[in-house]
Number of protein chains: 2
Amino acid sequence: MLLAERQSLILKELNDKGRVYAADLALQLGVSEDTVRRDLNRLGELQLLRRVHGGALPLQLDVPDYADRLELKHPDKQKRATAALSYLQAGQTILLDSGETCLYLAKSLPRDMRLTVVTACPLIACELMHHDKADVIVVGGSFFKPALRSVGAVTCNMLRKMRFDIYFTGACALHPERGFTAKYMEEAEVMRISVEQSDRTVVMGGPDRLGLIANHQVAGIRELDVLITDKSADPTVLQAMRKRELQIVLV
Amino acid sequence: MLLAERQSLILKELNDKGRVYAADLALQLGVSEDTVRRDLNRLGELQLLRRVHGGALPLQLDVPDYADRLELKHPDKQKRATAALSYLQAGQTILLDSGETCLYLAKSLPRDMRLTVVTACPLIACELMHHDKADVIVVGGSFFKPALRSVGAVTCNMLRKMRFDIYFTGACALHPERGFTAKYMEEAEVMRISVEQSDRTVVMGGPDRLGLIANHQVAGIRELDVLITDKSADPTVLQAMRKRELQIVLV
DNA sequence: CCTGTTTTTGCGTGTTCTTGCCGATTTTAC
DNA sequence: GTAAAATCGGCAAGAACACGCAAAAACAGG
């Protein structure tokens, strides 16, 4: 029996029966279970079937593949978001910025913690739809597509009327001397107000964002409270920031 | 029976019946209740169902995952949305309500038409992210999860400051004499203001919504302009609405 | 034909996953 | 309130798995 022939038989069997078991296939094809497992794994890599514990299932699209919901495209961002969670306390009112890291943070918010979450990012608001314990407040305004968020005068006015325990944001650019800067003017304005209206500001950003300077000033380093970044960050830059009373968390 | 296979069956059963009991599933699938519970818990963590004491329920609102998978799911809603498009003109400012039909409408907006789209539904705002020609304005406020939209005083105030050429909305309940009513008070209040601030109101609703009365008044039939529904709608009800100067479009 | 390399396969090891059971605790129903 | 049902956490047996290794087969090139 040829390898390719065997794999074809497996696919045929799967197509006929709707499921295959590794143990059965081994018996049926007269090879060891290890060989069958290797076949199944390979076929799975080729997206020809869905490998599961004990055997395999067809790639039926009608069944949502819950497996990839756990898949983390950016494990580092997830790590920073998880680290940020430790600054949360039940009952607080937090402001969640837009951006992928903040989206991860939203997804990771403890389901049993009562919170008020304010956000100008519609995507994050949607994400929190199933978070029963969270009161969500959407900040309106002009929808700025590049940043997937509201900006402009309406946004600023609405933010000025509120106060937040913590402002979580992803870093566009963070420089020891020039501070926190952003790419777009409108976005920077909103972020500046966000910092002002919050007791604490927690910035999550990859090492690549440190030392950068963007066009629009958001806040000085001293106005920020916590930076969550990776161990691989440049120690010199970190030291300069620590001197300016920014607490650094490395994940 | 494979674990993944079993979990798929549970989801299918839930989808068919609208609810599942742990004890029943155990008997039906030939495994212990503990195993079923573990499956349910896991599926609940993955947001594929809502875990409750004794079993599980479907998620309240099927979030379309920001994908366009629901194209075929409700062809009738798509038809009504498409019909609504004919009331659009380039350069207009339109108010898009929340709801599945409005989501279809948002997806169907001509990509080459310059529009200003205002919405209190974050999901619709996200959907319009890739519509280059549309200026999108997000109406903020308290996020009301059952309707997936902003409601409350902030929302109302922001809407009162604006004016719209057309207000597109899906019908909760439409009755010839009692008019347009909604299920939730907060939602009704926002919708009432939406009607007031708009030159025209276009209601899209299936035949099942006609003749219904919900608890909270939104507007009288005479305040509405166009109703888009199906050919299968009750002619008596339609006639009664026509008498009140509501234009009816059948798709 | 011979030799060195690659591929395939089975086996043994230890690890992980799944499952049922059991007792303690919580929730629900009456 | 009490009793029943459901849940939770831990535990242990067995299944499934990953990994490395070595033998056998297939292959490649001189």
Side-chain angles (χ1 to χ4, degrees), chain A residues 1-14 17-60 63-72 75 78 90 108-114 130-133, chain B residues 1-14 17-60:
Chain A
M1 165 105 44
L2 300 169
L3 181 147
E5 185 186 358
R6 194 177 55 233
Q7 296 189 347
S8 291
L9 285 175
I10 291 177
L11 287 176
K12 186 174 184 306
E13 178 78 4
L14 177 62
K17 303 282 173 61
R19 91 199 87 109
V20 289
Y21 303 100
D24 285 358
L25 286 174
L27 211 64
Q28 196 174 328
L29 300 169
V31 291
S32 74
E33 291 193 25
D34 294 76
T35 300
V36 170
R37 267 195 287 273
R38 270 188 280 251
D39 286 340
L40 292 178
N41 287 338
R42 187 170 299 180
L43 292 171
E45 285 170 16
L46 295 173
Q47 303 286 315
L48 293 170
L49 48 74
R50 186 158 71 101
R51 182 77 167 96
V52 296
H53 195 95
L57 291 172
L59 287 174
Q60 38 189 346
V63 177
D65 190 0
Y66 50 85
D68 59 8
R69 292 215 178 200
L70 281 184
E71 181 201 27
L72 298 173
Q78 176 65 61
S108 310
L109 286 177
R111 300 258 153 185
D112 56 349
M113 189 184 279
R114 179 156 291 284
H130 292 116
H131 196 304
D132 292 334
K133 294 279 183 78
Chain B
M1 166 101 46
L2 300 167
L3 179 147
E5 186 186 0
R6 196 178 53 234
Q7 296 188 346
S8 290
L9 286 176
I10 291 176
L11 287 176
K12 186 174 184 309
E13 178 78 5
L14 178 61
K17 302 283 173 62
R19 82 199 109 95
V20 288
Y21 301 100
D24 286 355
L25 286 174
L27 210 64
Q28 195 175 329
L29 299 169
V31 291
S32 74
E33 292 193 27
D34 295 80
T35 301
V36 170
R37 268 194 286 276
R38 269 187 281 251
D39 286 339
L40 292 178
N41 288 338
R42 193 143 174 200
L43 293 171
E45 285 170 17
L46 296 171
Q47 301 289 312
L48 290 169
L49 48 75
R50 190 158 69 93
R51 184 77 168 95
V52 294
H53 196 93
L57 292 171
L59 298 172
Q60 304 87 330

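Chain A is the first sequence line, chain B the second, and so forth, proteins listed ahead of strands; every chain is numbered from 1.
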Legend entry - Out of dC21(C), dT8(C), dA16(D), whichever nucleotide has its closest atom nearest the side chain of H53(A): dA16(D)

Legend entry - Gap between atom CG of L43(B) and atom CG of L11(B) - 0.5 Å precision: 5.0 Å

Inset, instruction - Kindly point out which of dT18(C), dG12(C), dG20(C) is positioned nearest to the side chain of V31(B)? - result: dG20(C)

Legend entry - Distance below 4.0 Å between N41(A) side-chain N/O and dA18(D) OP1 or OP2: yes

Inset, instruction - Could you tell me whether V36(B) contacts a base, only the sugar-phosphate backbone, or nothing, with contacts defined as non-hydrogen atoms closer than 4.0 Å? - result: nothing

Inset, instruction - Measure the distance from CZ on R37(A) to C1' on dC11(C) and round it to the nearest whole Å. - result: 12 Å

Legend entry - Inter-residue atom distance I10(A).CD1 - Q7(A).CD, 0.5 Å rounding: 6.5 Å

Inset, instruction - Go through dT9(C), dA18(D), dT7(D) for me and flag the one nearest to the D34(A) side chain. - result: dA18(D)

Inset, instruction - Among the candidates dA6(D), dT7(D), dG20(C), find the nucleotide nearest to the side-chain atoms of R51(B). - result: dT7(D)

Give the table of side-chain donor-acceptor pairs shorter than 3.5 Å for residues 23-34 of chain B, with sequence neighbours excluded, one pair per line with atom names and distance.
from   : atom 1 : to     : atom 2 : distance (Å)
S32(B) : OG     : D34(B) : N      : 3.4
S32(B) : OG     : T35(B) : N      : 3.3
S32(B) : OG     : T35(B) : OG1    : 3.2

Inset, instruction - Using atom CZ of R38(B) as one end and atom P of dA6(D) as the other, report the distance to the nearest whole Å. - result: 17 Å

Legend entry - Integer-rounded Å distance: dA18(D) C1' and E45(A) CD: 13 Å

Legend entry - Worked check of side-chain contact (heavy atoms from CB on, under 4.5 Å) between L40(A) and L49(A): CA-CA 8 Å; L40(A) 292 178; L49(A) 48 74; 4.1 Å; yes

